[in-house]
There are 2 protein chains.
Amino acid sequence: MSTNEFPPFAVTVDLLVATVRDNALSVLLITRGVEPFLGAPALPGGFVHINESAEQAAHRELLEETGLAHFAGHLEQLGTYSTPDRDPRMRVVSVAYVALAPHLPDPQAGTDAAQAMWCRADDLPALAFDHDQVVADGLERIRAKLEYTTLAVTFVSEQFTIRDLQTVYEVVWGITLDRANFRRKVLGTPGFVVAVDGITVPTGPRGKPAQVYRRGPATVLRPPILRPI
Amino acid sequence: MSTNEFPPFAVTVDLLVATVRDNALSVLLITRGVEPFLGAPALPGGFVHINESAEQAAHRELLEETGLAHFAGHLEQLGTYSTPDRDPRMRVVSVAYVALAPHLPDPQAGTDAAQAMWCRADDLPALAFDHDQVVADGLERIRAKLEYTTLAVTFVSEQFTIRDLQTVYEVVWGITLDRANFRRKVLGTPGFVVAVDGITVPTGPRGKPAQVYRRGPATVLRPPILRPI
DNA sequence: ACAAAAGTGTTTTCCATACACCCATGT
DNA sequence: ACATGGGTGTATGGAAAACACTTTTGT
């Protein structure tokens, strides 16, 4: 094949930004302002520039959409979607990314992210392009990764309690877990979490204050915390 | 952003074709016949055509490189590699795929695949482009997926023994496993393998003939077969 | 005192490991 | 007979599930 003739493609990134808020797994959606799918909900994203990698484009778009100066969460590639007719305008290949973050401030009107909104993962509208598939793949990726990585800590703020972490698992998986056993699994994994001195936080109107933790250096969970069948 | 102006990219697929042969995990390499990296070993691959998906391109290239009419193994997307300088000629985004297959016939001279060769995964030369990274990522994907999926069956022929399956695990992971316990794990997972009537095969010059199995309908392993630490 | 939530203990069940043993076959 | 490799049994240690219990706080 000649190196001087190749089919030209547009390359975009799509972002599945997920967080836990109001006891629900939520994703960030935008309302499309241009054709095609004008007015329809979709995942945020944009074109990859000629001098940046897809990962850099994803990070750039992430800052633009959230309106933040820095992104403290987790960003990983999900997969590439390339069916020839996925965009009616032209031939587009899209690299999808999953971003996990603690509860972010709501999108502010007047910024680039004004059209952005959080939407519960269990109550999503139909999305533009093949974004329904991207979301389905991404949510399954998140649910699976909680089993064998320490990724749940990216959903809570810098300081958190064991209960906060358990809530992440329960909300993402849509189940309830035994408090005592969950606690033992987390504390039994070296480097998952580390206690912050003797600091505790009140736990509502009543109840014993809870020990505060930060994330530890571990990234994988051996053995994994498996979802019930 | 205007829909009429976007940076044009070339999109390619790279193939990590893996098999188990001679008690070693091996990958298919080609020798590059054009610049850049002329004469260097590399992963097979090629441009995505304008009217096909990346997955279709990967499947097409797979048949071309192996010289087979059909591909019976497993093909899955690994990830997309898009650093701006990964190809000195132009801006190329490459979607990498992992293909798992039982022991394929050696590439035949005189075909498109004449330049292809099998190379042990533990003794690979330096590769063109960022293919070293692709191989590293792909091998780790394969090793991890043997833990919680039934993917090992794609490395053996249609009919196989439990011992054949164990050899796949041992070769891919580079360890030895207890025969009795491995057997119980496999047979204890419903749908992993199904016995073929009362058919057995001799096991060399001596020894009891072994029961023959085919792959079953299961795709996930619950609980997983974890690698030793 | 009581309610609420953190934190600990205990029992039971199950699974993984290690290793011994039996079975069927060809030389 | 015996070596070889498939197939089975079993004792033991440890983890996981279920659930009772204790501790610490605010009202």
Side-chain angles (χ1 to χ4, degrees), chain A residues 23 146-148 156-157 159-171 173 175-190 192-214 218 220-229, chain B residues 23 146-148 152 156-157 159-171 173 175-190 192-214 220-229:
Chain A
N23 281 332
L146 287 202
E147 289 189 315
Y148 56 94
V156 295
S157 45
Q159 298 204 350
F160 55 89
T161 65
I162 301 285
R163 190 55 156 133
D164 294 333
L165 209 54
Q166 182 177 343
T167 299
V168 170
Y169 275 89
E170 291 181 334
V171 163
W173 286 348
I175 58 171
T176 58
L177 296 171
D178 184 274
R179 210 164 37 85
N181 296 331
F182 179 81
R183 168 182 207 68
R184 266 186 291 263
K185 280 176 177 172
V186 171
L187 296 180
T189 302
F192 193 171
V193 298
V194 289
V196 179
D197 294 340
I199 296 186
T200 58
V201 289
T203 58
R206 265 172 263 274
K208 180 175 171 178
Q211 173 65 49
V212 167
Y213 295 85
R214 294 181 202 264
V220 293
L221 282 184
R222 305 279 297 200
I225 301 177
L226 295 178
R227 285 173 276 187
I229 307 164
Chain B
N23 281 331
L146 287 201
E147 290 189 314
Y148 56 94
V156 295
S157 45
Q159 299 204 349
F160 56 90
T161 66
I162 301 286
R163 189 58 153 130
D164 294 335
L165 209 54
Q166 182 177 343
T167 300
V168 169
Y169 275 89
E170 292 181 334
V171 163
W173 286 348
I175 57 171
T176 59
L177 297 172
D178 183 274
R179 208 163 41 83
N181 296 331
F182 179 81
R183 166 180 208 72
R184 265 187 291 263
K185 280 177 178 172
V186 171
L187 296 179
T189 303
F192 194 171
V193 298
V194 288
V196 179
D197 295 339
I199 296 185
T200 59
V201 290
T203 58
R206 266 173 264 274
K208 180 174 172 180
Q211 174 64 50
V212 168
Y213 294 85
R214 295 181 201 265
V220 295
L221 282 183
R222 307 278 299 203
I225 301 178
L226 296 178
R227 286 173 275 187
I229 310 164

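Order of the sequence lines sets the chain letters (A, B, ...), proteins ahead of strands, with each chain counted from 1.
Not counting sequence neighbours, the partners of A/Phe182 by the ring-ring contact (aromatic ring centres under 6.0 Å, His included) test are A/Tyr169.
Between B/Val156 and B/Thr167 the shortest side-chain heavy-atom distance does not fall below 4.5 Å. A 4.5 Å side-chain heavy-atom check between B/Ile225 and B/Leu146 finds every atom pair outside the cut-off.
Salt-bridge annotation for A/Arg179 and A/Glu170: absent, with no side-chain N of the basic residue lying under 4.0 Å from a carboxylate O of the acidic one.
Residue pairs meeting the salt bridge (Lys or Arg N to Asp or Glu O under 4.0 Å) criterion with at least one partner in residues 194-204 of chain A, sequence neighbours excluded, are absent.
Looking at heavy-atom distances under 4.0 Å, B/Pro202 makes no contact with the nucleic acid at all.
Taking the 5' to 3' direction, DNA chain D first and last meets chain A under 4.0 angstrom from a heavy atom at D/dA16 to D/dT27.
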Going by atom type alone, with no hydrogens or angles, which donor-acceptor pairs under 3.5 Å involve a side-chain atom of residues 205-214 of chain A and a protein atom two or more places apart or on another chain?
{"residue": "A/Gln211", "atom": "NE2", "partner": "A/Val196", "partner atom": "O", "Å": "3.3"}
{"residue": "A/Gln211", "atom": "NE2", "partner": "A/Ile199", "partner atom": "O", "Å": "3.2"}
{"residue": "A/Arg214", "atom": "NH1", "partner": "A/Glu158", "partner atom": "OE2", "Å": "3.1"}

Kindly give the atom pairs (protein nitrogen or oxygen, nucleotide nitrogen or oxygen) under 3.5 Å for nucleotides 10-12 of chain C.
none

At a cut-off of 3.5 Å, list every protein nitrogen or oxygen paired with a nitrogen or oxygen from nucleotides 4-7 of chain C, distance to 0.1 Å.
{"residue": "C/dA4", "atom": "N3", "partner": "A/Gly207", "partner atom": "N", "Å": "3.4"}
{"residue": "C/dA6", "atom": "O4'", "partner": "A/Lys208", "partner atom": "O", "Å": "3.4"}
{"residue": "C/dA6", "atom": "N7", "partner": "A/Arg179", "partner atom": "NH1", "Å": "3.4"}
{"residue": "C/dG7", "atom": "OP1", "partner": "A/Gln211", "partner atom": "N", "Å": "2.8"}
{"residue": "C/dG7", "atom": "OP2", "partner": "A/Arg183", "partner atom": "NH1", "Å": "3.3"}
{"residue": "C/dG7", "atom": "OP2", "partner": "A/Arg183", "partner atom": "NH2", "Å": "3.3"}
{"residue": "C/dG7", "atom": "O5'", "partner": "A/Arg183", "partner atom": "NH2", "Å": "2.9"}
{"residue": "C/dG7", "atom": "N7", "partner": "A/Arg179", "partner atom": "NH1", "Å": "2.8"}
{"residue": "C/dG7", "atom": "O6", "partner": "A/Arg179", "partner atom": "NH2", "Å": "3.1"}

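Contact between A/Ala218 and A/Pro190 at its shortest, heavy atoms only, is CB-O, 3.6 Å. In this structure, A/Arg222 and B/Glu147 approach most closely via the heavy-atom pair NH1-OE2, 3.1 Å.
Side-chain contact check for B/Thr161 and B/Asp164: at least one donor-acceptor pair (N or O, by modelled atom type) lies under 3.5 Å.
Under the side-chain hydrogen bond (donor to acceptor under 3.5 Å, both in side chains) test applied with B/Asn181, the options B/Arg184, B/Lys185, B/Arg183 reduce to a single match, B/Arg184.
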